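Encoded as structure tokens, the structure appears first; notes follow it.
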Amino acid sequence: MLNSFEKCAECGSREIEENTQGERSCVDCGLVLSGVVIDSGPEWRNYSDSGESGERVGMPSTELLHDKGLTTDIDWRNKDFAGITMNSQSSRIFRRLRRQHQRTRISNSKERNLSVALAELQRIASQMNLPKSVRERSAYIYRKAVELGLVRGRSIEGVVAASIYAACRMGNIPRTLDEVGAFSRTGRKEIGRTYREVSKALKLRVSPSSPSEYIPRFCSTLKLPHKTQSSAMKILSDAESRELTAGRGPTGIAAASVYLASLITKNPRTQKEVSEAAGITEVTIRNRYKELCVALEINPDDY
DNA sequence: ACACGTAGAGAACTGGT
DNA sequence: ACCAGCACTCTACGTGT
């Protein structure tokens, strides 16, 4: 996608491309211009047929409340629409209405379960400093688990912890089982076991994320030109077709491809630099790098 | 400074009992 | 349900250029 109104801050090129992750980068030098996608549109729809579009009414719905935030409340003040205090008879009626209304909000065991569980989820998530997107996702996973009857026979806590663990991994901010367990009353083993069952039952696509997703970001942090990036992608796809990538950490493969590409395109980066950009150790890069050289019959000295 | 190698520890998954 | 074995990565250290 090209945007002719914008120039690259690094090299002045007007060739800006946007990838599927929403990162916009310069085609010539690879500089990432904006990595954060801001959704400026309203999330909630306009239901009125005659009014202006874009009316904003109330808060957007959320997975984090058991009724998704779709609730009404009866004002606690005993005033009428004009702000005049009600008489005692009306006050009694409204007190009673409020109580009945509150009871209908949490009407059955499933909703009671959800409201307990989601409160627990919030507690753990905020102690772990998890972003909102991950909280929403884990709440969604938990709801699905309830619908499929996975909670019966297991502890609510365990399923909550498993949902969080899964959501973290899906959101690419993985936490270890121990880390999640530290904030929950359940242990690592139970979370792990529950997680496996939940992810199987929900067919969660927990990212065996492709290394290719990491390459643009690594190249950008290392200020590598576009040429090197496409070279790294080429190396990676060769490696994938030779099944070098199975079972390996995706970041390791991506980092090694970038490192190798940086050597053969004459924009060398040290293993240390690459390892810092990729968040892995030099050792892992070395191992993957060595495998790549052997399997693809590349000798960086030739370049 | 950097590249490269090795050993031991730890985390996560698998399969057997 | 639990344990042992596994493949992988990390830490830490040493060696060579």
Side-chain angles (χ1 to χ4, degrees), chain A residues 128 138 141 150-155 157-159 161-211 213-215 217-218 221-224 228 232 235-236 239-240 242-303:
Chain A
M128 291 175 69
S138 39
I141 293 171
L150 292 169
V151 187
R152 170 158 294 186
R154 283 181 252 279
S155 70
E157 280 230 325
V159 183
S163 307
I164 292 179
Y165 176 73
C168 285
R169 286 187 47 170
M170 293 170 81
N172 281 327
I173 47 164
R175 297 287 182 275
T176 62
L177 287 167
D178 273 324
E179 282 173 306
V180 181
F183 297 102
S184 166
R185 252 161 289 172
T186 46
R188 187 189 69 192
K189 273 189 210 164
E190 184 179 343
I191 299 175
R193 183 158 27 86
T194 314
Y195 159 71
R196 224 176 318 163
E197 283 155 4
V198 167
S199 72
K200 203 160 71 182
L202 299 188
K203 300 192 176 60
L204 290 182
R205 308 230 303 119
V206 170
S207 57
S209 53
S210 160
E213 292 169 30
Y214 295 99
I215 286 184
R217 218 174 66 224
F218 294 168
T221 352
L222 292 166
K223 297 216 162 45
L224 285 164
T228 306
I235 293 169
L236 173 62
E240 274 176 340
R242 268 162 242 208
E243 291 175 349
L244 274 178
T245 54
R248 268 68 193 276
T251 46
I253 309 271
S257 306
V258 170
Y259 174 64
L260 183 52
S262 85
L263 295 185
I264 66 181
T265 59
K266 291 255 191 316
N267 294 290
R269 296 293 182 273
T270 65
Q271 294 181 349
K272 190 166 192 319
E273 284 170 324
V274 179
S275 73
E276 275 167 10
I280 56 171
T281 58
E282 298 165 64
V283 181
T284 306
I285 292 182
R286 282 200 282 277
N287 292 337
R288 294 295 88 79
Y289 163 69
K290 209 169 66 182
E291 289 167 9
L292 285 177
C293 287
V294 172
L296 306 179
E297 291 166 11
I298 295 175
N299 184 1
D301 300 336
D302 297 346
Y303 293 87

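Small disclaimer: the values here were computed from a predicted structure and weren't measured. The sequence lines fix the lettering, A, B, ..., with proteins before strands; numbering per chain opens at 1.
- Note on A/K189: a side-chain N or O is less than 4.0 Å away from OP1 or OP2 of C/dC3.
- Looking at residues two or more places apart in sequence or on another chain, you find a side chain to side chain contact (heavy atoms under 4.5 Å, CB included) between A/R286 and A/Q271, A/E282, A/V283.
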Return a single string for nucleotides 12-17 of chain B, one symbol per nucleotide in 5' to 3' order, where B is base contact, S is sugar-phosphate-only contact and - is none, cutoff 4.0 angstrom on heavy atoms. SSB---
The contact string for nucleotides 4-9 of chain B, one letter per nucleotide 5' to 3', using protein heavy atoms under 4.0 Å with B, S and - for base, sugar-phosphate only and none, comes out as BBB---
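- The side chain of A/R288 lies closest to C/dC8 when the candidates are C/dC8, B/dA3, C/dA1.
- Salt bridge status for A/K200 with A/E197: absent, with no side-chain N to carboxylate O gap under 4.0 Å.
- Whole-Å rounding puts the A/I285 CD1 to C/dC8 P distance at 17 Å.
- By the side chain to side chain donor-acceptor pair (under 3.5 Å) test, A/T186 is found to be paired with A/S184, residues two or more places apart in sequence or in another chain being considered.
- When side chains are defined from C-beta on, A/L150 does not count as touching A/V159, because their heavy atoms never get closer than 4.5 Å.
- Here the P atom of nucleotide B/dA1 and the NZ atom of A/K272 are 10 Å apart, to the nearest Å.
- Closest approach to the A/R193 side chain among C/dC10, B/dC2, C/dA1 is made by C/dA1 (side chain taken as heavy atoms from C-beta onward).
- Applying the side chain to side chain contact (heavy atoms under 4.5 Å, CB included) rule to A/E240 yields the partners A/S210, A/P211, A/L236, A/T245; only residues at least two apart in sequence or on another chain are considered.
- Taking each heavy atom of A/T265 and A/T228 in turn, the nearest pair found is OG1-OG1, 2.9 Å.
- Taking 4.0 Å as the cut-off between side-chain N and carboxylate O, A/K272 and A/E276 count as a salt-bridged pair.
- With rounding to whole Å, A/E276 atom CD is found 13 Å from B/dA1 atom P.
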Which donor-acceptor pairs under 3.5 Å do the side chains of residues 254-263 of chain A make with protein atoms, sequence neighbours left out?
unit_1: A/S257; atom_1: OG; unit_2: A/I253; atom_2: O; d: 2.9
unit_1: A/S262; atom_1: OG; unit_2: A/Y259; atom_2: O; d: 2.7
unit_1: A/S262; atom_1: OG; unit_2: A/R269; atom_2: N; d: 3.3

